[in-house]
Amino acid sequence: MLLIYIRRLVNNFIKDLSDFLFDFTDFLESNKFISPINKKQISIDYSSNNKQGDLATNFYLVVKRKIINENFNIEKELNDRIKSIEFIDHFVVSKNGFINFFLKDKFVLRSLKEIYGKNFLNYINYGAGKKINVEFVSANPTGPLHIAHIRGAVFGDVLSSLYTKTGFDVTREYYVNDAGSQIDKLSNSLLKRYLQLFNKKIELEEDEYPGEYLINIAKKIKNEDGDKWLNFQQEETIQYFKNFALKNILLSIKTDLELINIRFDKFTHESEIEKSKIIDELFSILDKKKLLYQGILEKPKGDDSDWEPREQLLFRSSKLLDNEDRALKKSNGEWTYFANDAAYHLDKCKRNFDRLVNIWGSDHIGYIPRMNSLIKAIKDDETYLNILTCQIVSLIQNKQKIKMSKRSGNFVTLSNVHSKVGKDPIRYYMISTKNETAIDFDLDAVVEKNKDNKVFYCQYAHARASSVINKAKELGIKIKNDYNFSTIQNLSDEEVKLIKKLICYPYLLYQSSYYNEPHRLINYLEEISSDFHSIWNKGKDNESLRFIDEKNAEKTISKIFWLESFRVVLKDIFSIIDISSPETM
RNA sequence: GCGCCUGUAGCUCAAUUGGAUAGAGCGUAUGACUACGGAUCAUAAGGUUAGGAGUUCGACUCUUCUCAGGCGCGCCA
């Protein structure tokens with residue numbers, strides 16, 4: 001439940017109205033007209049349907065059950081008192097008990113002027129300059145980015161922009177898992193590909209990396225060094241191939257991400273964490289809190305065919321937020337992946353962020369409790385780390401799911417999809433649904449017919465609006481800086497309705513940021529775009545409804561004014577999701 | 001077996017975090033351009049929100065059970 005005290009940060013209407021209702025509640029309580037109520041149950045919202053009013057509250061519904069004195073007329077008292085709020089024109093109580101408030105026009109227009117002037121942050125400086133670290137993508141550098149990574153990439157990037165927009169100081173970070181046995185397998189695979197180029201009869205093992213990209217990297221080594229590595233010592237060769245593979249693959253990952261405008265402020269390498277002393281520091285922290293011990297984990301309930309009891313260094317996470325303890329050392333004494341990742345998180349904690357956000361794929365969900373446990377152990381703050389997950393993206397082609405497997409080396413890469421679709425549709429679709437919903441991405445629908453693409457629908461609205469504004473400029477119609485837009489009489493009901501949606505924009509920004517839900521931007525974007533297209537077409541049937549009326553300058557200016565404001569909002573959303581805002585298409 | 005996520009129109013997804021008559025696009029049917037840009041608009045058909053029970057003024061939303069799908073389940077990363 002969203003509490004009023006949070007909402008007040010956002011919009012003066014809601015703040016003032018909630019203050020008023022709280023005072024009124026105090027009055028009712030202190031005079032024993034009602035028994036005490038929990039004020040947190042009272043909500044104020046923008047109305048979903050403007051016919052019902054502009055702001056709505058469930059005030060009566062909450063108060064109704066608490067009435068003690070039946071003789072006191074609450075509605076009449078409210079009616080008398082409401083006159084003290086200058087922006088409220090009147091209110092209506094609906095059959096089911098909602099109070100619907102109607103705003104005075106001049107206050108709606110005053111808010112619109114704020115939008116026109118791009119004063120969003122005046123309302124929504126909710127981050128207040130706090131430092132926030134967003135770790136996302138963090139794909140293993142063992143191959144190119146594939147479709148499953150794109151969603152987390154775009155989600156993390158847009159969420160970061162949204163945080164920035166709402167007043168946070170954001171660091172985008174990528175954790176490079178360049179240590180451990182998978183990387184050894186990678187370099188072995190690369191070496192084998194290299195040897196194959198010299199017709200050596202050597203095959204990849206089942207669990208090695210069969211993708212074609214390694215053949216290309218092997219060719220690169222051959223081009224540079226020829227057969228130099230055929231005769232070198234094993235250890236030196238492997239080391240060289242490891243570095244070469246990591247360097248090339250990481251570069252290709254960065255290049256791919258650039259295709260969709262994703263850049264990071266910081267890359268942290270697991271190999272550096274491993275070398276640093278941060279792990280020792282972590283262990284002493286955990287040890288002091290008596291959260292470390294040597295022990296044997298219980299036999300798992302699932303597949304236990306090759307289970308055998310092993311004594312390992314364990315983290316007592318079950319004392320915190322996990323349902324079992326977790327290994328920090330392998331039985332051979334090496335650190336586990338979790339140990340390194342835990343140390344990395346300690347490192348992040350020490351960098352003085354006010355908040356950490358991790359974006360993980362759904363296949364890591366089972367990992368969340370142990371990381372939360374770790375942060376609790378370090379910071380003793382359960383809200384400090386926010387782990388958000390993205391469900392999978394299935395690629396659809398020819399109406400069938402494309403099966404991808406690492407083993408066969410068959411997967412659709414980011415650059416592959418990008419070359420077919422382009423940046424804007426990828427970003428738009430990846431962010432248009434809730435991150436926790438699994439989505440189907442239909443390549444054919446996006447590639448074949450552009451007009452089925454909602455991203456173009458919204459961009460087209462921007463282009464059309466720009467077209468009108470440019471036309472107006474050609475006709476010498478200009479809005480002065482001190483323009484006083486004080487009447488809605490020149491506007492249709494539909495236009496007023498859209499204006500009222502536009503003035504909610506700062507609130508929407510705040511909500512999307514607060515709930516970590518950038519997809520709300522898309523819902524809103526499509527809604528106002530649709531409203532706009534509808535208004536546009538009304539002007540085709542009825543000339544008096546067109547934006548530009550050369551015989552009526554004042555009317556035209558009113559319309560251009562809200563149209564400019566509309567364009568400001570579109571452009572702002574486009575900039576957050578980072579797609580272009582074309583003036584022509 | 002256990003944990004987490006999901007189940008909404010034929011398909012792909014929303015639903016102001018517990019609010020009012022559950023909404024869009026695609027697809028289907030019909031209609032609208034000598035224009036401020038048809039990549040658009042208008043109208044219609046399509047729903048027991050997987051199913052049962054509960055919580056309350058009110059449930060797609062919360063609780064519980066059942067069914068179905070996805071992900072994960074000691075040293076991989």
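Here is how names work: the chains are called A, B, and so on, in the same order as the sequence lines, proteins then strands, and each is numbered from 1.
- Mapped onto RNA chain B by nearest heavy atom, A:Lys185 and A:Ile439 fall at different nucleotides, with A:Ile439 at the one closer to the 5' end.
- Pair check for B:rU21 finds none; no Watson-Crick or G-U wobble contact set falls under 3.5 Å.
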Should A:Ser580 and A:Phe574 be marked as a side chain to side chain contact (heavy atoms under 4.5 Å, CB included) after you check the CA-CA gap, both sets of side-chain angles, and the distance that decides it?
CA-CA 6 Å; A:Ser580 62; A:Phe574 289 163; over 6 Å; no
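- Of the C1' atoms belonging to B:rG52 and B:rG7, the separation is 16 Å, rounded to the nearest Å.
- Judged by Watson-Crick or G-U wobble contacts below 3.5 Å, the nucleotide B:rA44 has B:rU28 as its partner.
- Remark: A:Arg567 engages A:Glu564 in a salt bridge, criterion side-chain N to carboxylate O under 4.0 Å.
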Q.
Using the rule given for side-chain hydrogen bond (donor to acceptor under 3.5 Å, both in side chains), can you reason through A:Asp54 versus A:Ser47, listing the C-alpha separation, both sets of side-chain angles and the distance that settles it, and then say yes or no?
A. CA-CA 5 Å; A:Asp54 302 318; A:Ser47 299; over 6 Å; no
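- When the P atom is compared between B:rG69 and B:rA59, the two are found 30 Å apart, to the nearest whole Å.
- Between B:rG25, B:rA77, B:rA20, one nucleotide has an atom nearer to the side chain of A:Lys454 than all others, and that is B:rG25.
- Nucleotides B:rU28 and B:rG37 place their P atoms 30 Å apart, quoted to the nearest Å.
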Report task. Check step by step if side chain to side chain contact (heavy atoms under 4.5 Å, CB included) holds for A:Gln459 and A:Arg464. Result -> CA-CA 9 Å; A:Gln459 287 176 324; A:Arg464 269 183 154 177; over 6 Å; no
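- Side-chain contact check for A:Asn453 and A:Tyr428: no donor-acceptor pair (N or O, by modelled atom type) lies under 3.5 Å.
- Pairing for B:rA14 is absent, with no Watson-Crick or G-U wobble pair whose two atom distances lie under 3.5 Å.
- A:Ala56 comes within 4.0 angstrom of a nucleotide base, judged by non-hydrogen atoms across all strands.
- Note on A:Glu436: only backbone sugar-phosphate atoms sit closer than 4.0 angstrom, heavy atoms only; bases stay farther off.
- Considering only the side chain of A:Asn58, B:rG19 comes nearest among B:rA20, B:rG19, B:rA14.
- Each of B:rA39, B:rC76, B:rG74 was ranked by its minimum atom distance to the side chain of A:Glu308; first place goes to B:rG74.
- To the nearest whole angstrom, the two C1' atoms, one in B:rG70 and one in B:rG31, are 44 Å apart.
- Here the side chain of A:Asp440 is nearest to one of B:rC4, B:rA77, B:rU12, namely B:rU12.
- By the stacking rule of 5.5 Å between ring centres and under 30° between planes, A:Phe98 stacks on the base of B:rA20.
- A perpendicular orientation is assigned to the rings of A:Phe441 and A:Tyr429, their planes being inclined by more than 60° (bins at 30° and 60°).
- Under the 4.0 Å criterion applied to side-chain N and carboxylate O atoms, A:Lys501 and A:Asp531 are assigned as salt-bridge partners.
- Residue-level contact check: A:Arg326 touches neither bases nor backbone, having no heavy atom under 4.0 Å from any strand.
- For the pair A:Trp335 CH2 and B:rG74 P, the interatomic distance rounds to 21 Å; values are reported in whole Å.
- Listed nucleotides: B:rC76, B:rA20, B:rG74. Nearest to the side chain of A:Gln312: B:rG74.
- Here the side chain of A:His364 is nearest to one of B:rA77, B:rC57, B:rU16, namely B:rA77.
- Distance from the side chain of A:Leu61 is smallest for B:rC57 among the nucleotides B:rC57, B:rA77, B:rA20.
- Heavy atoms of A:Tyr524 sit nowhere under 4.0 angstrom from any nucleic acid atom.
- The phosphate of B:rA77 has OP1 or OP2 within less than 4.0 Å of a side-chain N or O from A:Ser181.
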Pairs under 3.5 angstrom only: tabulate donor-acceptor contacts from the side chains of residues 359-375 of chain A to other protein residues two or more places apart or in another chain.
residue, atom, partner, partner atom, Å
A:Ser373, OG, A:Leu321, N, 3.1
A:Ser373, OG, A:Asp322, N, 3.3
A:Ser373, OG, A:Pro369, O, 2.7

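- A parallel orientation is assigned to the rings of A:Tyr175 and A:Tyr344, their planes being inclined by less than 30° (bins at 30° and 60°).
- For A:Thr437, the listed nucleotide lying nearest its side chain is B:rC13; candidates were B:rA20, B:rC13, B:rG37.
- The partner of B:rG72 is B:rC2, judged by Watson-Crick or G-U wobble contacts that both fall below 3.5 Å.
- Under 4.0 Å is where a charged nitrogen must lie from a carboxylate oxygen, and between A:Lys555 and A:Asp549 at least one such pair does.
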Any N/O pairs under 3.5 Å between the protein and nucleotides 41-43 of chain B? List them or say none.
residue, atom, partner, partner atom, Å
B:rC41, OP1, A:Tyr457, OH, 2.3
B:rC41, O4', A:Asn537, OD1, 3.3
B:rC41, O4', A:Asn537, ND2, 3.2
B:rA42, OP1, A:Ser534, OG, 3.2

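- A sub-4.0 Å separation between OP1 or OP2 of B:rG37 and a side-chain N or O of A:Ser467 is present.
- Heavy atoms of A:Asn177 sit under 4.0 angstrom from primed sugar atoms or phosphate atoms, though from no base atom.
- At the phosphate of B:rC57, neither OP1 nor OP2 sits under 4.0 Å from any side-chain N or O atom of A:Lys95.
- In terms of position along RNA chain B, the nucleotide closest to A:Ser94 lies nearer the 5' end than the nucleotide closest to the other residue of the pair A:Pro309 and A:Ser94.
- Here B:rC71 is the nucleotide among B:rC71, B:rG37, B:rU56 with the atom lying nearest to any side-chain atom of A:Asp363.
- A:Leu388 places its CG atom 13 Å from the P atom of B:rC5, with the value rounded to the nearest Å.
- Regarding A:Ile387, its CD1 atom lies at a distance of 21 Å from the P atom of B:rC71, rounded to whole Å.
- With distances taken from any side-chain atom of A:Tyr460 to the nucleotides B:rC57, B:rA39, B:rC76, the minimum falls on B:rA39.
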